[in-house]
Amino acid sequence: MYITITALQKMYGSKPLKLNAIVKLVKEPDNRYDTEAIACEMRHFGKIGYIANSTNTVVKGCMSGGRIYDKINDEYFAKIKFITHQEAIAKIMSSDEYLKEIENPESDIHFLSDNLGKIDLELIEENFKGDSNDS
């Protein structure tokens with residue numbers, strides 16, 4: 001399952017982005033512009049943008065923030081797969097990919113969250129079945 005990360009130009013632009021970098025997805029239910037807002041954060045930079053949630057900003061083939069809002073935990077992770085000047089496209093990690101990152105002590109995932117053991121992997125498995133094979 002792919003998502004579009006947008007609003008990059010309002011933060012750091014595309015500078016912090018690199019292929020396969022880990023992005024933390026954080027729900028922002030109190031966001032005054034969008035109650036289904038999901039912020040995107042990266043190690044060393046903090047918030048870099050948001051998951052696109054408008055037909056005008058979601059890249060074709062990607063899911064909007066509203067469509068995945070109830071399918072992920074309050075905090076979860078994705079990996080950047082494509083980068084443009086305006087947006088990035090990231091793939092939401094499968095539970096297997098997530099567990100593999102946790103096994104790597106050098107992974108950015110350890111620097112992005114203190115709640116790694118509290119992630120509900122059953123929720124991820126249920127919502128992203130068959131999505132772990134495409135990298």
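All residue numbers in this chain count up from 1 along the given sequence. Computed from heavy atoms alone, side chains included, the values below leave out hydrogens, waters and symmetry copies.
Of all heavy-atom pairs spanning E106 and F111, the tightest one is O-CE1, 4.3 Å. Of all the heavy atoms in Y2 and G61, the pair that sits closest is CB-O, 4.4 Å. Taking both residues in full, the closest heavy atoms of P105 and H110 are given as O-CD2, 3.8 Å, listed atom of the first, atom of the second, then distance.
Under the 4.5 Å side-chain criterion, counting only non-hydrogen atoms from C-beta, S107 is in contact with I22. The shortest distance between side-chain heavy atoms of K71 and L123 does not fall below 4.5 Å. At least one side-chain heavy atom of N20 sits under 4.5 Å from a side-chain heavy atom of K81. Under the 4.5 Å side-chain criterion, counting only non-hydrogen atoms from C-beta, I68 is in contact with M1. In this structure, I5 and V23 have side chains that are in contact, with non-hydrogen atoms separated by less than 4.5 Å. Proximity of I3 to L25: side-chain heavy atoms (C-beta onward) are separated by under 4.5 Å at one or more points.
With respect to the salt-bridge test (charged N to carboxylate O, under 4.0 angstrom), the residues K79 and E101 qualify. Comment: K24 engages E75 in a salt bridge, judged by a side-chain N to carboxylate O separation of less than 4.0 angstrom.
One side chain, N53 or D34, offers a donor N or O that lies under 3.5 Å from an acceptor on the other.
Heavy atoms from other residues, nucleotides or ligands lying under 6.0 Å from CG of N104 number more than 12. For R43, the CZ atom sits in a packed shell: over 12 heavy atoms of surrounding residues, nucleotides or ligands are nearer than 6.0 Å. Heavy-atom contacts from other residues, nucleotides or ligands closer than 6.0 Å to OH of Y69 number more than 12.
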Between M42 and D108, is a side-chain contact (heavy atoms from CB on, under 4.5 Å) present by the stated rule, with each step listed? CA-CA 8 Å; M42 287 184 71; D108 282 354; 6.0 Å; no
Please evaluate residues V59 and E87 with respect to the criterion side-chain contact (heavy atoms from CB on, under 4.5 Å), reporting the C-alpha separation (whole Å), side-chain torsions for both, the decisive distance (0.1 Å), and the verdict. CA-CA 9 Å; V59 172; E87 67 262 325; 4.0 Å; yes
Intermediate values then yes/no, salt bridge (Lys or Arg N to Asp or Glu O under 4.0 Å), E36 and R67: CA-CA 9 Å; E36 292 179 326; R67 291 195 60 205; over 6 Å; no
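Of the inter-residue distances, the one linking I92 atom CD1 with N127 atom CG reads 9.5 Å to the nearest 0.5 angstrom. Put simply, CE on M93 and CD1 on I119 are 10.5 Å apart, with the number rounded to the nearest 0.5 Å. With rounding to the nearest 0.5 angstrom, the CD atom of E122 is 11.0 Å from the CD1 atom of I124.
Hydrophobic clustering keeps I51 apart from Y33 (ILVMFWY residues linked when any side-chain heavy atoms are closer than 4.5 Å, directly or through intermediates). Hydrophobic clustering keeps V26 apart from I102 (ILVMFWY residues linked when any side-chain heavy atoms are closer than 4.5 Å, directly or through intermediates). At a threshold of 4.5 Å between side-chain heavy atoms, the hydrophobic network of Ile, Leu, Val, Met, Phe, Trp and Tyr places I72 and L116 in one connected group. L112 and I38 fall within a single hydrophobic cluster, where Ile, Leu, Val, Met, Phe, Trp and Tyr are joined by side-chain heavy atoms under 4.5 Å apart, directly or via other members.
A donor-acceptor contact shorter than 3.5 Å is absent between the side chain of T4 and the backbone of I89. Proximity of a side-chain donor or acceptor of D74 to a complementary backbone N or O of K27 within less than 3.5 Å is not detected. Without hydrogens or angle criteria, N73 side chain to D120 main chain gives a donor-acceptor distance under 3.5 Å.
Ring geometry, Y98 versus F77: the interplanar angle falls under 30°, so the pair is classed parallel (tilted spans 30 to 60°).
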